[in-house]
Trainee: 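I'd like to ask some things about the structure below.
In each ligand, atom 1 is the first atom listed, and ligand 1 is the first ligand listed. Both backbone and side-chain heavy atoms feed into the values below; hydrogens, waters and symmetry mates do not.
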Amino acid sequence: MKKVYKEAECSTGALDGKTIAIIGYGSQGHAHAQNLKESGLNVVVGLYEGSKSREKCAKHGLRVETVAEAVKQADVVMMLIPDERMADVYKKEVAPNIREGAALAFAHGFNIHYGTITPANNIDVFMIAPKGPGHTVRHEYQLGRGVPALFAIEQDYSGNARDIAFAYGTGIGSARAGMLETTFREETETDLFGEQCVLCGGVAELMKAGFEVLVEAGYDEENAYYECMHEMKLIVDMVYQGGLTLMDYSVSNTAEYGDYEVGPTIITEDTKDAMRVALKNIQNGNFAQRFIAETQSGQVSLKARRRLEANHPVEVVGRRLRGLMSWSGDIEV
Ligand code: NDP
Ligand code: MG
């Protein structure tokens, strides 16, 4: 069994008196920057001139500089801009300005693993990858809790990379929940697999398929939305608390019986074969290549698909029904 590190074994000590540059103020960036600051560490946010997030940072009491200037001041540079923009920003603004012996950090291994960023060998390179969206990283921290994280050390030039990574993970609250050691390769491959096959791709298609089958059979869209999408959270909350055992304990015997009998006819060996193909395409770099090519051609099909998905009937009815629950709209998109 692999060791999971907890707060008692970690501290923010290795970052005392150091400056951490958070590059980007999006999902992860806003969470890391504010959590680290509230953990007593010195944070500067790096954003391009004209970024719409400059104002938000100022409102949150954070110092903002250009990316180049933030990197110059930093002992740790955490890259929290979209993965597909990182190689360019690294080449133009990070590499020429990062100090010898400083640390370059990532929340996902994509660019290091697929070789789009090759860091200088006189810096540390580590990863702290929270296993949750940025808004949860922030929210849990504010509740005195944390989101678990994976950590990995790719380069240890200073000899302190591990302590610095632990300090960073402690500062964002992850050590409260648990930190598991991994490699850039393993994190990248499992993370892409999870989001494609289970968390985003798998769950989204499952919910849409259920909704579509009910609606085409003549049931109300509202009913289909409540059943196939709204209730997903309630089920996942139980799984999060106590695994499938708690879910099966909490749902009715009728539901439990149906789960065992029908579930395996929906997610079949064919589904697993499709997952195996997806995993191969992650391992051999085909998926990464396609995503990089999509970015080079302006992400045209990604944007078109995003528009199409936003107009799916489950989204249209969902927006209306969520609008009736005043407490459900508190994340800005
Ligand atoms: P976002 O898409 O939320 O990051 C957007 C931020 O980057 C914005 O502040 C944006 O500026 C800024 N930005 C975009 N381009 C540039 C640029 N050229 N120079 C400077 N800043 C720029 O990223 P995420 O938080 O989703 O992802 C960051 C990293 O974290 C990725 O490696 C991702 O894989 C990883 N990760 C993400 C998770 C998530 O939940 N989202 C979960 C775990 C890991 P503006 O504000 O002006 O738009
Ligand atoms: Mg993930």
Trainee: Looking only at N/O atoms, are Arg85 and ligand 1 under 3.5 Å apart anywhere?
Mentor: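 So ligand 1 has no N or O lying under 3.5 Å from an N or O of Arg85.
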
Trainee: In terms of side-chain geometry, is the basic nitrogen of Arg320 or Glu315 positioned less than 4.0 Å from the acidic oxygen of its partner?
Mentor: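 The answer is no: the pair does not qualify as a salt bridge.
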
Trainee: For Arg99, does the CZ atom sit with more than 12 other heavy atoms under 6.0 Å from it, leaving out its own atoms?
Mentor: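 Above 12, so yes.
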
Trainee: Provide the number and element of each atom of ligand 1 under 4.0 Å from a heavy atom of Gly134.
Mentor: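 The atoms of ligand 1 under 4.0 Å from a heavy atom of Gly134 are 40 (O).
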
Trainee: Taking 4.0 angstrom as the limit and counting only heavy atoms of Ala107, give me the atoms of ligand 1 inside it, by number and element.
Mentor: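 In order of numbering, the contacting atoms are 30 (O), 35 (C), 44 (C).
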
Trainee: Nearest to atom 40 (O) of ligand 1 by heavy atom, Gly109, Pro133, Ala129, Ala70: which?
Mentor: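 That would be Pro133.
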
Trainee: Hey, which atoms in ligand 1 end up nearer than 4.0 Å to a heavy atom of Ser51?
Mentor: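 Checking each atom against Ser51, I get 11 (O), 45 (P), 46 (O), 47 (O).
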
Trainee: Between Lys131 and ligand 1, which residue portion shows a heavy-atom distance shorter than 4.0 Å: side chain, backbone, both, or neither?
Mentor: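 Neither part.
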
Trainee: Is the distance from the ring center of Phe166 to that of Tyr5 below 6.0 Å?
Mentor: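 Ring-ring flag for Phe166/Tyr5: true, centres closer than 6.0 Å.
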
Trainee: Going by heavy atoms in the side chains, are Glu84 and Gln299 under 4.5 Å from each other?
Mentor: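 Counting from C-beta outward, Glu84 and Gln299 do come under 4.5 Å.
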
Trainee: Is the cationic atom of Arg162 (NZ for Lys, CZ for Arg) positioned less than 6.0 Å from the six-membered ring centroid of Phe151 and within 45 degrees of its normal?
Mentor: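 Negative - Arg162 is either too far from the ring of Phe151 or too far off its axis.
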
Trainee: Is there a polar contact, in the sense of an N or O pair closer than 3.5 Å, between Asp83 and ligand 1?
Mentor: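 Yes, there is a polar N/O contact under 3.5 Å.
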
Trainee: Should the pair His60 and Tyr25 be assigned to parallel (<30°), tilted (30 to 60°) or perpendicular (>60°) ring geometry?
Mentor: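 Tilted, since the angle between the ring planes falls between 30° and 60°.
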
Trainee: Which atoms of ligand 1 are found less than 4.0 Å from any heavy atom of Gly26?
Mentor: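 It comes down to these atoms of ligand 1: 3 (O), 4 (O), 5 (C), 6 (C), 8 (C), 9 (O).
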
Trainee: At the 4.0 Å heavy-atom cut-off, does Met86 count as touching ligand 1?
Mentor: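 Checking ligand 1 against Met86, which is what was asked, there is a heavy-atom contact under 4.0 Å.
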
Trainee: I'd like to know whether NZ of Lys59 has more than 12 heavy-atom contacts from other residues, nucleotides or ligands below 6.0 angstrom.
Mentor: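 No, because the 6.0 Å sphere around NZ of Lys59 holds 12 heavy atoms or fewer from other groups.
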
Trainee: Should one rank Val89, Thr66, Thr188 by closest heavy-atom distance to atom 17 (C) of ligand 1, which comes out on top?
Mentor: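 Among Val89, Thr66, Thr188, the closest heavy atom to atom 17 (C) of ligand 1 comes from Val89.
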
Trainee: Parallel, tilted or perpendicular: which fits the ring planes of His108 and Phe110, with parallel below 30° and perpendicular above 60°?
Mentor: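 Correct class here is tilted.
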
Trainee: Taking only heavy atoms of Ser27, which atoms of ligand 1 are found under 4.0 Å from at least one of them?
Mentor: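 By the 4.0 Å cutoff, the relevant atoms are 3 (O), 25 (O), 26 (O), 39 (C), 40 (O), 41 (N).
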
Trainee: In Å and rounded to the nearest 0.5 Å, what is the NE2 to OH distance from His230 to Tyr225?
Mentor: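 Nearest 0.5 Å value for the NE2-OH distance: 7.0 Å.
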
Trainee: Distance under 4.0 Å to a non-hydrogen atom of Ser53: what atoms of ligand 1 satisfy this?
Mentor: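 Listed by number with element: 9 (O), 45 (P), 46 (O).
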
Trainee: Can you list the atoms of ligand 1 that are under 4.0 Å from a heavy atom of Gly132?
Mentor: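 Answer for ligand 1: 40 (O), 42 (C).
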
Trainee: With heavy-atom distances below 4.0 Å as the criterion, list the atoms of ligand 1 near His108.
Mentor: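 Reading through ligand 1 atom by atom, the close ones are 32 (O), 34 (O), 35 (C).
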
